[in-house]
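Quick notes on the structure that follows.
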Amino acid sequence: MAKVQDAPIRVGFIGNPNCGKTTLFNAITGAKLKVANWPGVTVEKVEGSTVYHDQEMKLIDLPGIYSLTSYTMEEIVSRNCILSDEVDVVVNVVDASCMERNLYLTMQLVELGKPIVVALNMMDVVEERGMEIDLHRLPEMLGDVPVVPVSARKRTGLDTLMHAVVHHFREREEQRENVISYSDDIEQQIAEMETALTAEHPDWGRTRWYAIKLLEHDGEVLKQVSPSIAGLATESLEKEIIQEKYAYIEEVIQDTLLNREEKAMRTERIDRWLTHRIWGLPIFLGIMLLVFALTFLVGDFLKGYFEQAVEALSGWVTDGLLYIHAADWIISLVADGIIAGVGGILTFLPNIFILFLALAVLEDSGYMARVAYVMDGIMSRLGMSGKAFLPMILGFGCSVPAIMATRALEREKDRRKLMMVIPFMSCSARVPVYVLFAGIFFGRYAFLVSFSMYVLGLAIAILVAKIVTVIQKSSDNTPLLIELPEYKSPNARTIAIYVWEKIKDYLTKAGTVIFVASIILWFILNFGISGKVDDVSLSFGSMIGKWLVPVMAPAGLGMWQVVVALISGLSAKEVVVSSFAVLYGVSNINSDAGMTQLSQMLAAQNFGMLNAYCLMLFVLLYTPCIATIATIRSESHSWKFTGKVLLLQLLIAWLAATIVFQIGSLF
Ligand code: GDP
Ligand code: MG
């Protein structure tokens with residue numbers, strides 16, 4: 001008498017990453033695992049086996065995925081495996097403590113119609129948190145799939161699960177495929193698609209699933225049908241279908257999850273406002289306005305103390321040098337070159353500190369992740385994913401990490417488009433330029449003028465992205481599936497570390513790039529063809545500047561000092577400010593006295609409010625700093641692309657400043 005009766009049942013384990021699939025798989029199979037790769041790809045394939053009441057079972061651990069689309073190799077592998085005869089029954093492992101997120105995959109599996117058993121894992125966590133799940137209502141709402149509560153870690157419910165698998169297999173029950181009824185319009189398109197599919201592929205089965213995939217413009221399924229059928233799905237309904245699935249999951253949660261965790265409830269209540277369809281965007285803009293108000297208004301209040309310190313330092317050092325009878329040129333180098341350049345930049349620390357502090361609080365509280373959601377609607381109209389907005393927001397801090405964050409996008413084309421526009425986002429290095437010039441020329445309105453730079457930068461970034469999308473005819477339609485963390489009060493330690501890292505970067509820059517730039521600048525201003533010159537207009541700097549003056553004049557920037565400052569700004573944008581300090585010989589440029597001195601010298605050159613605005617605009621838009629250029633090069637692996645970006649930015653900066661100056665001059 002043979003102990004093992006039938007052929008083995010083949011069971012596929014599927015679930016979101018970290019739902020406890022591997023733990024459950026190991027608990028059931030013991031250590032008898034076989035690890036290989038899926039044919040043709042490097043995705044890991046783990047197999048094991050077990051015997052339950054004389055029934056032999058072969059188990060496959062599929063890659064962890066969030067949905068059954070065909071965007072990643074993991075998804076394609078899992079999907080093909082389930083669709084094929086390689087698997088008889090699917091065990092969908094669901095993290096019961098995060099049902100909202102996990103049930104999305106479940107709904108897709110239900111739609112697929114293959115026999116599935118839901119293993120509701122992490123029940124120990126659910127109990128510990130005092131939550132309850134209605135285990136009668138849940139299977140009903142999922143189209144009568146068996147739902148077995150288990151805990152992989154505590155090894156509870158494993159026998160019941162295996163029993164359900166065997167039973168389900170023997171009965172050969174197919175799931176109901178239409179648990180979710182979509183809106184009438186979508187249902188009608190599904191019906192039409194199903195009719196056409198049945199005519200063309202009568203042997204396929206699960207036509208509802210194929211129809212839905214075709215309406216979602218699924219790449220893999222589109223390849224399998226004739227052009228006439230593919231043509232039926234004129235525009236992708238993917239977003240609508242995702243939304244309606246989530247709406248249904250929301251219903252399931254409402255009906256089956258009792259005593260929800262207090263924290264989750266609070267997050268939901270807050271999100272009702274912060275990610276509201278209509279209010280979400282104004283709230284976001286309001287928060288950003290507040291961030292910049294803090295940066296500029298409170299920052300300006302604090303900077304007074306820093307100026308006094310720099311002034312005192314400058315005085316002591318000059319006195320000290322005079323005392324030891326140092327050569328004139330050394331005193332000039334230290335006082336007019338290094339202290340004016342580096343010291344000037346240090347006085348902007350309070351502004352930079354507050355900006356990063358505010359960004360850190362927004363990030364750590366969980367709000368930043370929502371911004372992608374709030375912006376997804378607008379971004380998709382611009383041919384970009386909501387995911388692209390996060391790197392753009394990071395660009396308010398610094399372009400370098402922002403450009404690295406473009407790795408979140410799947411397609412190279414979308415990444416490049418994003419890299420192209422991120423430098424338009426007004427990074428913290430531009431802050432000193434705004435503080436100084438808006439402060440000198442716009443008085444009470446300085447803050448609003450600075451804020452307009454942020455809005456303009458964002459608008460131009462979005463506009464350029466839109467134009468590129470239209471030219472390349474390539475929209476990023478990948479739907480937004482990111483995990484929204486729960487709101488929490490920000491952690492002081494995390495924030496302190498984040499802010500300190502940024503401040504350290506800023507100080508390092510002042511100590512290295514700006515230090516060197518200040519010395520070089522001092523040199524080209526104090527030396528000319530005939531050696532050391534006393535008249536700055538005979539210096540190398542003035543020669544270079546004067547050569548470019550005709551080009552910059554239409555943009556209101558036709559003064560050789562301004563041109564030199566802009567060129568030196570290529571090393572880092574703060575250098576534009578330190579260059580003004582060195583060029584005009586103003587030692588404490590950020591102080592009231594320094595500002596008055598600079599404004600008088602500029603007024604003598606006919607440099608007024610309009611010129612100042614054009615200068616800020618040009619600094620906002622022109623070629624980013626060396627560090628950013630290097631990052632674009634290393635992330636895109638292309639000098640050609642990097643070169644194109646640089647030229648584009650120079651051109652746009654010049655055009656924008658010229659347009660503003662020419663129109664402004666009419667009044
Ligand atoms: P996979 O990514 O789906 O394979 O997930 P893993 O099996 O690697 O599990 C992810 C984490 O969840 C690990 O730290 C497990 O110890 C933990 N985990 C898995 N199942 C349970 C469970 O039932 N209860 C609890 N409390 N933790 C679990
Ligand atoms: Mg795993």
Side-chain angles (χ1 to χ4, degrees), residues 10-38 41-50 57-69 71-79 81-82 87 89-109 116-133 135 138 145-165 256-257 259-264 481-486:
R10 289 154 310 171
V11 189
F13 277 59
I14 196 163
N16 288 181
N18 285 319
C19 65
K21 201 160 44 67
T22 302
T23 314
L24 184 64
F25 191 85
N26 291 348
I28 292 170
T29 58
K32 292 169 294 212
L33 299 181
K34 198 179 100 203
V35 181
N37 276 349
W38 292 91
V41 291
T42 55
V43 179
E44 200 171 77
K45 182 180 193 182
V46 184
E47 291 180 319
S49 59
T50 186
M57 290 195 243
K58 198 174 143 230
L59 288 74
I60 306 172
D61 189 11
L62 293 159
I65 52 174
Y66 292 109
S67 87
L68 281 185
T69 51
Y71 291 119
T72 66
M73 220 54 239
E74 281 82 1
E75 290 174 344
I76 296 175
V77 161
S78 302
R79 201 165 94 171
C81 175
I82 297 175
V87 163
V89 181
V90 177
V91 169
N92 173 210
V93 185
V94 165
D95 177 351
S97 66
C98 300
M99 286 219 294
E100 278 111 325
R101 170 158 54 83
N102 281 247
L103 287 182
Y104 183 68
L105 178 65
T106 310
M107 291 322 304
Q108 294 197 315
L109 288 166
I116 72 170
V117 175
V118 170
L120 205 53
N121 191 28
M122 310 254 186
M123 283 308 283
D124 55 320
V125 180
V126 169
E127 276 159 30
E128 200 182 282
R129 291 190 190 169
M131 293 151 54
E132 268 178 68
I133 295 170
L135 289 170
L138 183 59
V145 302
V147 175
V148 184
V150 301
S151 165
R153 183 178 280 178
K154 303 226 149 119
R155 293 169 165 263
T156 57
L158 304 188
D159 273 351
T160 320
L161 179 64
M162 285 298 102
H163 179 79
V165 169
T256 62
L257 193 57
N259 303 331
R260 301 174 68 184
E261 232 195 326
E262 181 53 33
K263 230 164 105 194
L481 275 180
I482 52 171
E483 218 174 301
L484 293 186
E486 274 165 8

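Because only heavy atoms are used, hydrogens play no part in the values below, and waters and symmetry mates are left out as well, while side chains stay in. Each ligand, and each atom within it, is numbered from 1 in the order the structure gives.
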For ligand 1, note which part of Val125 has a heavy atom under 4.0 Å away: side chain, backbone, both or neither. side chain

With atoms numbered from 1 as shown, which atoms in ligand 1 lie under 4.0 angstrom from a non-hydrogen atom of Asp124? 22 (C), 23 (O), 24 (N), 25 (C), 26 (N)

Do Leu135 and Pro149 come close enough that some side-chain heavy atom pair is under 4.5 Å? yes

Looking at Asn26, Asp61, Asp95, Asn92, which one forms a side chain to side chain donor-acceptor pair (under 3.5 Å) with Lys21? Asp61

Please indicate whether any nitrogen or oxygen in Pro17 is less than 3.5 Å from any nitrogen or oxygen in ligand 1. no

Heteroatom distance test (Cys19, ligand 1): nitrogen or oxygen, under 3.5 angstrom: yes

Taking C-beta and beyond as the side chain, do Met123 and Thr156 meet within less than 4.5 Å on heavy atoms? no

Is there a side-chain contact between Ile65 and Arg79 in this structure, where contact means two heavy atoms from C-beta onward sitting under 4.5 Å apart? no

Using a 4.0 Å heavy-atom threshold (strictly under), name the region of Thr23 that reaches ligand 1: side chain, backbone, both or neither. both

Select the closest option to atom 12 (O) of ligand 1 among Arg155, Arg153, Met122, judged by heavy-atom distance. Met122

Between the CG atom in Leu158 and the CG atom in Leu24, the distance rounded to the nearest 0.5 Å is 6.0 Å

Is Thr106 close to Val145 at the side-chain level, that is, under 4.5 Å between some pair of heavy atoms? no

Just go through Asn121, Asn26, Ile14 and tell me whose heavy atom is the nearest to atom 20 (N) of ligand 1. Asn121

Check for me whether Gly64 has a heavy atom closer than 4.0 Å to any atom of ligand 1. no

